[in-house]
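One structure below.
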Number of protein chains: 2
Amino acid sequence: MAAPRTRTRIQAKNSEAILEAALDVFSQYGFRGATLDQIAEVAGLSKPNLLYYFPSKEAIHVTLLSGLMDTWLDPLRALHHDGEPVEEILDYVRRKLEMSRLYPRESRLFANEILQGAPRILDQIEGELKALVDDKAALIRAWIAEGRLAPVDPYHLMFSIWATTQHYADFDIQVHRVLGQEGDAPFAEAERFLTQMYRAALTPAR
Amino acid sequence: MAAPRTRTRIQAKNSEAILEAALDVFSQYGFRGATLDQIAEVAGLSKPNLLYYFPSKEAIHVTLLSGLMDTWLDPLRALHHDGEPVEEILDYVRRKLEMSRLYPRESRLFANEILQGAPRILDQIEGELKALVDDKAALIRAWIAEGRLAPVDPYHLMFSIWATTQHYADFDIQVHRVLGQEGDAPFAEAERFLTQMYRAALTPAR
DNA sequence: TGATTGTTTGACCAAATGGTCAGCGGCACG
DNA sequence: CGTGCCGCTGACCATTTGGTCAAACAATCA
């Protein structure tokens, strides 16, 4: 829709390069802070050429966000009702943390957008996202009713998982500076900590 | 330093109005996305008048951030070594959550700055913040050594507290839309959830 | 080869943006 | 009451920004 249908190789290559560059720039400066010139430079294209592939700055941004939401929800979709509840949720935490490690720019793009009031993805939040969350909240409530999970508010449980895992992508600079570490070390530590915390909080008393 | 020394009443009033307006605008759009015209309009002053009180856009931003860091660390400073460790930390969580509820703009301003690489507060992060965190981490380690707290990584514990509490300010729109609620209701629920979660995770096995 | 379609760009534009400045008005105080 | 400083503003400026367009250039295929 926003991008021309990817027919030729050139189109495929350049559209990809633009989105890749835009992800870099938007995720760092937010929508209003990013400029087409920056994106063009990172993409190795001229500004008019960008606008040959996308009708506007906003179209690039929207394309990125839409394409992203789907991927972003995958870890939650994979929360299945078979399996041990506590371990299922711990797996979800690990998948979500892995997303932060592998796709920090995507996480920041999201954070930026929501910080600014989510003007371009409110629909998806109230639609897809809410529907999926409601669905999984019901699953969690069922587990709790069966006594297989400590009684916790499923919505705030999910919020806390989002917050703690995305923190390592979004606040990456702070984490590294406070720890005085570099690279992926914090992620390994975070996995241990979060596993331990959520296991303690979710294991039902017996 | 950045603002002229507040001598007269007019200066006090206008400097305050400018910072208040700037907090509004910067916290919503980030530094690059905010404009002086916007700030001036919100403050009810003319743009040249803004620049009579502050030498530049950046000076306003820096003034806000510097003044903020101190307040922001207060809840952590209040973590005392006397008292029951688990309850001390739960109090800290509640204070931090209360900050998010009362000062969401401040939280977003911070989030925006860190998302963008914290160019203007890296020093304070590596200085004040790190020093305070190191100090409190030692306190937590001592509690653990005494067997009064479950053995957890103190740094990642603090990260998780920051993440979960600030989430309710920074991702406020998402929280409200997913819950289908308005107002402060999510904060009351969050307090219950976080208290429960951290109590479970921090209470030592016996 | 030539015609057609797809791709790229330099030059340009209007609007917005951060910032300047000369001067005007008003408040305070001797 | 006058004079001097504080507060304020309209007009202005250079630069940046999103976006346009005609024309040049490349790829493809009959």
Side-chain angles (χ1 to χ4, degrees), chain A residues 1-65 112-113 116 119-120, chain B residues 1-65 112-113 116 119-120:
Chain A
M1 39 156 225
R5 302 271 179 85
T6 302
R7 297 184 197 281
T8 73
R9 290 162 199 176
I10 294 179
Q11 278 179 19
K13 201 189 68 181
N14 284 348
S15 292
E16 190 47 44
I18 291 169
L19 290 175
E20 174 69 17
L23 179 57
D24 253 37
V25 179
F26 280 136
S27 69
Q28 196 174 355
Y29 298 105
F31 180 73
R32 288 184 54 173
T35 75
L36 286 178
D37 293 274
Q38 266 181 297
I39 299 172
E41 198 190 326
V42 174
L45 298 172
S46 67
K47 185 171 62 170
N49 207 4
L50 283 203
L51 294 162
Y52 171 73
Y53 289 99
F54 293 87
S56 68
K57 181 186 178 183
E58 178 150 358
I60 301 177
H61 197 234
V62 168
T63 301
L64 272 180
L65 285 172
N112 255 311
E113 182 68 7
Q116 302 183 5
R120 279 163 266 271
Chain B
M1 36 156 226
R5 302 274 180 86
T6 301
R7 298 186 196 279
T8 74
R9 313 218 171 124
I10 294 180
Q11 277 180 19
K13 201 188 69 179
N14 284 348
S15 292
E16 189 47 46
I18 292 169
L19 290 175
E20 174 69 19
L23 179 57
D24 253 36
V25 178
F26 280 136
S27 69
Q28 196 173 357
Y29 298 105
F31 180 72
R32 288 184 55 173
T35 74
L36 285 179
D37 293 273
Q38 266 181 295
I39 299 173
E41 198 191 326
V42 174
L45 298 172
S46 68
K47 185 171 62 170
N49 206 5
L50 283 203
L51 294 163
Y52 172 73
Y53 289 99
F54 292 88
S56 69
K57 182 185 177 183
E58 179 150 358
I60 301 177
H61 198 234
V62 168
T63 302
L64 273 180
L65 285 173
N112 254 311
E113 182 68 8
Q116 301 183 6
R120 278 164 266 271

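Just so we're on the same page: letters track the sequence lines, and every chain starts at 1.
Within a heavy-atom distance below 4.0 Å of DNA chain C, the residues of residues 24-51 of chain B found are A34(B), T35(B), L36(B), K47(B), P48(B), L51(B).
Considering only side-chain atoms of Y53(A), the nucleotide from dG19(C), dG19(D), dT7(C) that sits closest is dT7(C).
Atom OG of residue S15(A) and atom CD1 of residue I10(A) lie 11.0 Å apart, to the nearest 0.5 angstrom. Rounding to the nearest 0.5 Å gives a distance of 12.5 Å between CG of L23(B) and OG1 of T63(B).
Classified by interplanar angle (parallel below 30°, tilted 30° to 60°, perpendicular above 60°), the ring pair F31(B)/F26(B) is parallel.
The phosphate of dG6(C) (OP1 or OP2) has no side-chain N or O of Q11(A) nearer than 4.0 angstrom. Distances shown here put a side-chain N or O of Y52(B) below 4.0 Å from the OP1 or OP2 atom of dG7(D).
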Go along nucleotides 22-30 of chain D 5' to 3' and tag each nucleotide: B for a protein heavy atom under 4.0 Å from its base, S when only backbone or sugar atoms are that close, - otherwise.
-> ---------
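Q28(A) is linked by a side chain to side chain contact (heavy atoms under 4.5 Å, CB included) to nothing, counting only residues two or more places apart in sequence or in another chain. For E58(A), the salt bridge (Lys or Arg N to Asp or Glu O under 4.0 Å) test picks out R120(A), with sequence neighbours left out. Every side chain to side chain contact (heavy atoms under 4.5 Å, CB included) that N49(B) has, sequence neighbours left out, goes to L45(B), S46(B), Y52(B), Y53(B).
Summarising the geometry, the separation between NZ on K57(B) and P on dT17(C) is reported as 9 Å, rounded to the nearest angstrom.
In this structure the side chain of N14(A) never reaches within 4.5 angstrom of the side chain of L50(A), judged on heavy atoms. Put simply, the side chain of P119(B) reaches to within 4.5 Å of the side chain of E113(B), judged on heavy atoms. In this structure, the side chains of T35(A) and V25(A) stay at 4.5 Å or more apart for every pair of heavy atoms.
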Please write out the pairs of protein N or O atoms and N or O atoms of nucleotides 24-26 of chain C separated by less than 3.5 Å, giving the distance to one decimal.
none

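One N or O on the side chain of K57(A) and one on the backbone of A34(A) form a donor-acceptor pair closer than 3.5 Å.
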